[in-house]
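Just below is one structure, and these are the notes that go with it.
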Protein chains: 2
Amino acid sequence: MKGEKKVSNATVKRLPKYYRYLSDLHQVGISRVLSIDLGRQMEITPSQVRQDFFQFGCVGLQGYGYEVEPLMQEIGKILGLAQPNQMIIIGAGKLGRALANHPSFEKRGFKIIGMFDLNPHLIGKSVRGIEIQSMDALPEFAAGHAVDIAVITVPRMHAREAAEKVIRYGIKGIWNFASVEFEVPDDVAIEHIHLSESLMSLSYKLKEKRQALAEKLEEGYCWTYGLECGLR
Amino acid sequence: MKGEKKVSNATVKRLPKYYRYLSDLHQVGISRVLSIDLGRQMEITPSQVRQDFFQFGCVGLQGYGYEVEPLMQEIGKILGLAQPNQMIIIGAGKLGRALANHPSFEKRGFKIIGMFDLNPHLIGKSVRGIEIQSMDALPEFAAGHAVDIAVITVPRMHAREAAEKVIRYGIKGIWNFASVEFEVPDDVAIEHIHLSESLMSLSYKLKEKRQALAEKLEEGYCWTYGLECGLR
DNA sequence: TAGATTGTTAATCGATTAACAATC
DNA sequence: TAGATTGTTAATCGATTAACAATC
């Protein structure tokens, strides 16, 4: 039995979002949800919701919808949230410290157990009870703790080196905030936060909205709008 | 002529990445690139690269590849990078200040022209020459400046209110770092950075890698590996 | 039971890949 | 010119939507 691995790529991409919405529902005490309502939130069709869940053997009740908690558990399990992940932060600058302070990671089972930096002014300080250590302390720390994920929040120019180090010390998950990309060995998982790409997408959307508006105006909606407002 | 709007959805999603790679090539002085090389970097087929560019009327030379700079210009134009975007940051906590310090935004034409916060301890301080102002100063500021994008880096609980404000003051672009989603009017563009979703994706990948490894071991690769290493 | 909503198959749609003629 | 790579159409593949029987 080769593990299931049946869930399609497109579905996997949606799972974190499902999980978030289900967790929101759970939090406010809603215990049942219909594919149509979940679909509305996710901005997809109810059909797609059912198709998605169908892939991992539905957890729904015909005529009744889905129980929020078991569904959430199931998705969590697929996402690997069943067992907690231990993280360290490489780079204790503003971004690194901001992430260390982020309350919602721990809630999802992502626990920060260490912070590291090159800057001697930062070493020895604490963030949320976690002491910032020298990068030199990293090998020993990695050997002594089960570190699942290294968060890379160092400046661009140091990112590659930082990544090489954490890989060398046997850490298999990298969450990269530096705007560089690097090749990693086949057994290492990496996820990039590309802020400038996100910003470019926003710029595109903004441009589209403006063009849509400009076209409307051209087509005389301006006049109609004046009319609607009682102008003439 | 209704504006072109021919570029497919899937292609648009790739444009920021193309732009980033092209800009990297440009920076190191490479002026020509082949679809096969660009494809390798993007992890897509050369066919897809050509198909993508075909959609906005190719800028390539048969037998020669693509000129980096004109191609970059063209994609930049589609993304709305041709004219600079002015941004303000709502929330001058660690994250807000980290973003204000980020050097690469300005390079792409995203300029931070103001920062706002509720916290009286922060008001009056400066980040990179930008003074942190009271939220009360926002309406006047928005009226007096052409603000394209508001970056929301306030805590979750204040995010909705912040968004409502910037929308009320006529800002049409929102870059949201708070882990809440909100409905916005039809003429407002919004882009979310969902850190915990990204983290869940990483968790999924990590789990997959581990499973793949475990399967290999089960299938006896362990033994083979020992053999390769000269063990017996 | 009757009503409702899921489970599941089939149909449609869009995106990716393949192929090759056009042309630099 | 010959060689190479794009432009562009056609074929394939995967993802989404529609539809309805199954069943709670």
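So that the names make sense, note that chain A is the first sequence line, chain B the second, and so on, each numbered from 1. Just so it is clear, the model here is predicted, and its values are computed rather than measured.
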Open item on the list: Can you measure A:Leu61 atom CG to D:dT23 atom P for me and round it to whole angstrom units?
Closed with: 13 Å

Open item on the list: Are B:Tyr204 and A:Lys13 packed together at the side-chain level, in the sense that at least one heavy-atom pair is separated by less than 4.5 angstrom?
Closed with: no

Open item on the list: Just the rounded figure in Å: distance from C1' of D:dT6 to CD of B:Gln55.
Closed with: 16 Å

Task: Atom pair distance, as rounded to whole Å: CD1 in A:Ile44 and P in D:dT17 - done: 8 Å

Task: Exercise: do B:Arg156 and A:Ser104 side chains pair donor with acceptor under 3.5 Å - done: no

Open item on the list: Students often get this wrong, so: under 4.0 angstrom with heavy atoms, is B:Thr11 touching a base, only sugar-phosphate, or nothing?
Closed with: nothing

Open item on the list: What is the distance, to the nearest angstrom, from the OH atom on B:Tyr64 to the C1' atom on C:dA22?
Closed with: 16 Å

Task: Close side-chain approach of B:Arg97 and B:Met115, heavy atoms under 4.5 Å - done: yes

Open item on the list: Would the base of D:dT8 count as contacting B:Gln51 through its side chain, where contact means a donor and an acceptor less than 3.5 Å apart?
Closed with: no

Open item on the list: Nearest whole Å is fine: how far is C:dA4 P from A:Leu34 CG?
Closed with: 12 Å

- [ ] Look at the side chain of A:Lys207 and the backbone N and O of B:Leu79, then say whether any donor-acceptor pair between them is shorter than 3.5 Å.
- [x] no

Open item on the list: Would you say the rings of B:Phe105 and B:Trp175 are close, in the sense that their centroids are separated by under 6.0 Å?
Closed with: yes

Task: Residues that B:Lys209 engages under side-chain hydrogen bond (donor to acceptor under 3.5 Å, both in side chains), provided they are two or more places apart - done: none

Task: A:Arg50 vs D:dC20: side-chain N/O to OP1/OP2 distance below 4.0 Å - done: no

Open item on the list: With a 3.5 Å cut-off and heavy atoms only, can you find an N or O donor on one side and an acceptor on the other between the side chain of A:Gln62 and the base of C:dT6?
Closed with: yes

Open item on the list: Dot-bracket for DNA chain D, please. Rules: Watson-Crick or G-U, both distances under 3.5 Å, ( ) within the strand, [ ] when a pair crosses earlier ones, | for another strand, . otherwise.
Closed with: ..||||||||||||||||||||||

- [ ] Round to the nearest Å and state the distance from B:Asp52 atom CG to C:dG14 atom P.
- [x] 17 Å

Open item on the list: Please tell me if B:Ser35 has a side-chain N or O lying less than 4.0 Å from either OP1 or OP2 of D:dT6.
Closed with: yes

TODO: Assess whether one donor atom and one acceptor atom, taken from the side chain of B:Ser47 and the base of C:dA18, lie less than 3.5 Å apart.
DONE: yes

- [ ] Tell me which nucleotide among D:dA15, C:dT6, D:dT6 gets nearest to the side chain of A:Tyr66.
- [x] C:dT6

TODO: Among the candidates D:dT17, D:dT8, C:dG7, find the nucleotide nearest to the side-chain atoms of B:Phe54.
DONE: D:dT8

Open item on the list: So for atom CZ, which belongs to B:Arg14, do other residues, nucleotides or ligands contribute more than 12 heavy atoms lying within a distance under 6.0 Å?
Closed with: yes

Task: Residue met sooner reading DNA chain C from 5', once B:Gln48 and A:Phe53 are mapped to nucleotides - done: A:Phe53

TODO: Using atom CE of A:Met42 as one end and atom P of D:dA15 as the other, report the distance to the nearest whole Å.
DONE: 15 Å

Open item on the list: Is there a side chain to side chain donor-acceptor pair (under 3.5 Å) between A:Ser203 and B:Arg108? Walk through the geometry before answering.
Closed with: CA-CA 11 Å; A:Ser203 166; B:Arg108 300 267 151 84; over 6 Å; no

Open item on the list: Please classify the nucleic acid contact of A:Arg32 as base, sugar-phosphate, or nothing, using heavy-atom distances under 4.0 Å.
Closed with: nothing

TODO: Could you tell me the separation between the CZ atom of B:Arg40 and the P atom of D:dT5, rounded to a whole number of Å?
DONE: 11 Å

